[in-house]
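All ligand and atom numbering here is 1-based and tracks the order in the structure.
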Amino acid sequence: MKIETLALHTGVETDPHTGASSVPIYQASTFHQTDWDTAPEFDYARSGNPTRKALEHSIAQLEGAKHGFAFASGMAAITGVLLTFSAGTHIVACEDIYGGTYRALTRVFARLGIETTFVDATDPASIAAAIRPNTKALLLETPSNPTLQIIDLKKATELAKSRQLLTIVDNTFMTPYLQRPHELGIDVVIHSATKFLGGHSDVVAGLVTVLNDDLARDIYLIQNGFGGILGPQDCWLLMRGIKTLPLRMKQSQETASLIAGYLAEHPSVKKVYYPGLPTHPGREVHLGQAKGPGAVLSFDLENGERVRKFVERLKLPLFAVSLGAVESILSYPVKMSHASMPVEERNKRGITDGLLRLSAGLEDPEDLIADIEQALKG
Ligand SMILES: *Cc1c(COP(=O)(O)O)cnc(C)c1O
């Protein structure tokens, strides 16, 4: 079944009582145990809730996985997966990783005896060189944030399998509509569902999918044991968002492509980062593992002063942290997601004072381009 169809018809099949068109919000923390002899499927809502179960089933289906888990945020999902590792474990992660993941690995997991080496994962040789006898996992994000670098997932998986490493991919930027890492052999897929899956800037949530039963048991132990679960209201909102995911992604991607093309031709724009552009060095690899370039692009306006004027004149996009919503969102990485990164490190990675990241929403593309045009004149 195609994902456009699946997104509408998955999850709802788990309410056998009424045939309701959407799964009810089971706003309950506990469940009456009717049968003395057999344990019920639901006993306490940290351990399981029917609304959450429907969402977990839905994301597993969309990612082509066997098991799904809903967490209170993307970070709860990522740390939930990382907590399955023991002290003495070494992880290899891509250096262009989400700031919160970097912070958790370097400031919390390092303290617990789980050590991480960050490498330029666009080069498989750098990954290979960082693997040690106690390396247990490879943690990747592609396209990366905010410079949209591409990691070859097939090559990374081959390497990881040959060294018995668990492969984990943060698929937030792509969603299962554009990229399905399990199909490429990835073991664990993670989402900040706060972004495209929810899609309306009104929920904070995280999702994890896996194929393997033992791995699912380990993750469930953390989900239930640490309790970073997603509440039923937010589960319901996510399922509502997921129904329009394919349509939203399709439109936002089209708009992002138009804007990237426009900016690439504009004399005041120094550089555009978007895997859909013919000049993008990772374009071929990306299009070999994903259905499209996505809805996020970054561009460099040369310096902070020009960024400030541009942002002050721009009217339509929200100027905010986050991405993946119905409304376009413009972020300034040096003051937002990457504020804590040392300047030299930032500049080395292209995260300069002139860099802006745009997540295209559902506004009319011509309106957005007209707005960008007038703001660039300033
Ligand atoms: C936002 C984001 C996260 C963190 O998710 P939260 O829902 O904010 O906790 C992780 N990874 C990526 C790529 C993100 O964009």
Side-chain angles (χ1 to χ4, degrees), residues 55 59 63 69-83 91 93-109 116 118 121 139-151 153 168-179 181 186 188-209 222-223 226 228-231 234-235 237-238 241-242 245 249 252 256 273 275 290 294-298 318 320-325 328-333 336-341 349 351 357-361:
L55 169 66
I59 189 63
E63 283 290 1
F69 300 91
F71 286 88
S73 67
M75 282 322 302
I78 292 166
T79 55
V81 170
L82 296 174
L83 280 166
I91 297 171
C94 57
E95 60 185 10
D96 256 354
I97 203 160
Y98 180 71
T101 310
Y102 180 83
R103 183 175 52 198
L105 284 167
T106 54
R107 295 183 51 193
V108 181
F109 287 93
T116 308
F118 296 93
L139 173 58
L140 304 173
E141 223 176 286
T142 179
S144 74
N145 180 20
T147 53
L148 289 304
Q149 291 196 56
I150 305 302
I151 297 167
L153 289 179
I168 308 167
V169 165
D170 181 333
N171 202 27
T172 301
F173 271 42
M174 286 283 101
T175 82
Y177 176 68
L178 293 175
Q179 181 168 274
I186 297 294
V188 184
V189 174
I190 305 179
H191 288 282
S192 168
T194 312
K195 318 294 167 52
F196 292 105
L197 288 166
H200 294 71
S201 304
D202 53 13
V203 186
V204 173
L207 296 169
V208 175
T209 59
I222 305 298
Q223 187 197 36
F226 278 53
I229 51 154
L230 191 65
D234 287 347
C235 288
L237 275 168
L238 269 194
I242 284 172
L245 171 76
M249 283 308 285
S252 290
Y273 301 86
V296 180
L297 61 123
S298 294
L318 285 186
V321 168
S322 201
L323 58 108
S328 294
I329 298 179
L330 185 76
S331 307
Y332 189 36
M336 296 177 179
S337 53
H338 292 71
S340 58
M341 192 178 271
R349 297 176 192 193
I351 309 166
R357 186 191 72 199
L358 181 71
S359 165

**Q** How long is the straight-line distance from CG of Asn145 back to OG1 of Thr172, given to the nearest 0.5 Å?
**A** 9.5 Å
**Q** Among Ile78, Val169, Leu238, Leu207, which residue meets the side-chain contact (heavy atoms from CB on, under 4.5 Å) test with His191?
**A** Leu207
**Q** Do Leu148 and Phe173 have side chains that approach each other closer than 4.5 Å (heavy atoms only, starting at C-beta)?
**A** yes
**Q** Nearest to atom 9 (O) of ligand 1, what protein heavy atom do you find, and at what distance?
**A** Met75 N, 2.8 Å
**Q** So is Ser192 polar-close to ligand 1, meaning N/O to N/O under 3.5 Å?
**A** yes
**Q** Backbone, side chain, both or neither: what part of Ala76 comes under 4.0 angstrom of ligand 1, heavy atoms only?
**A** neither
**Q** Give me the residue, atom name and distance of the protein heavy atom closest to atom 15 (O) of ligand 1.
**A** Lys195 NZ, 2.7 Å
**Q** Look at the side chain of Ser331 and the backbone N and O of Ala320, then say whether any donor-acceptor pair between them is shorter than 3.5 Å.
**A** yes
**Q** Just checking Tyr102: does its OH atom have more than 12 heavy atoms from other residues, nucleotides or ligands closer to it than 6.0 angstrom?
**A** no
**Q** Rounded to the nearest 0.5 Å, what separates atom CE in Met75 from atom OG1 in Thr101?
**A** 4.0 Å
**Q** Under the criterion side-chain contact (heavy atoms from CB on, under 4.5 Å), which of Thr147, Thr142, Leu140 is the partner of Ser144?
**A** Thr147
**Q** At less than 4.0 angstrom from any non-hydrogen atom of Ser73, what atoms of ligand 1 do you find?
**A** 7 (O), 9 (O)
**Q** Heavy atoms only: which of Val296, Leu207, Ile190, Asp170 lies closest to atom 13 (C) of ligand 1?
**A** Asp170
**Q** Under 4.0 Å from any heavy atom of Ala205, which atoms of ligand 1 are there?
**A** 7 (O)
**Q** Which heavy atom of the protein is the closest neighbour of atom 6 (P) of ligand 1, given with residue, atom name and distance?
**A** Gly74 N, 3.3 Å
**Q** Does ligand 1 have any atom sitting under 4.0 Å from a heavy atom of Ser322?
**A** no
**Q** May I ask which of Tyr98, Phe196, Phe71 has a heavy atom nearer to atom 8 (O) of ligand 1 than the others do?
**A** Tyr98
**Q** Below 3.5 angstrom, do we get any N/O pair linking Thr194 and ligand 1?
**A** yes
**Q** Just to be sure I read this right, does ligand 1 sit under 4.0 Å from the backbone of Ile78, its side chain, both, or neither, counting only heavy atoms?
**A** side chain
**Q** Rounded to the nearest 0.5 Å, how far apart are CG of Asn171 and CD1 of Ile59?
**A** 8.5 Å
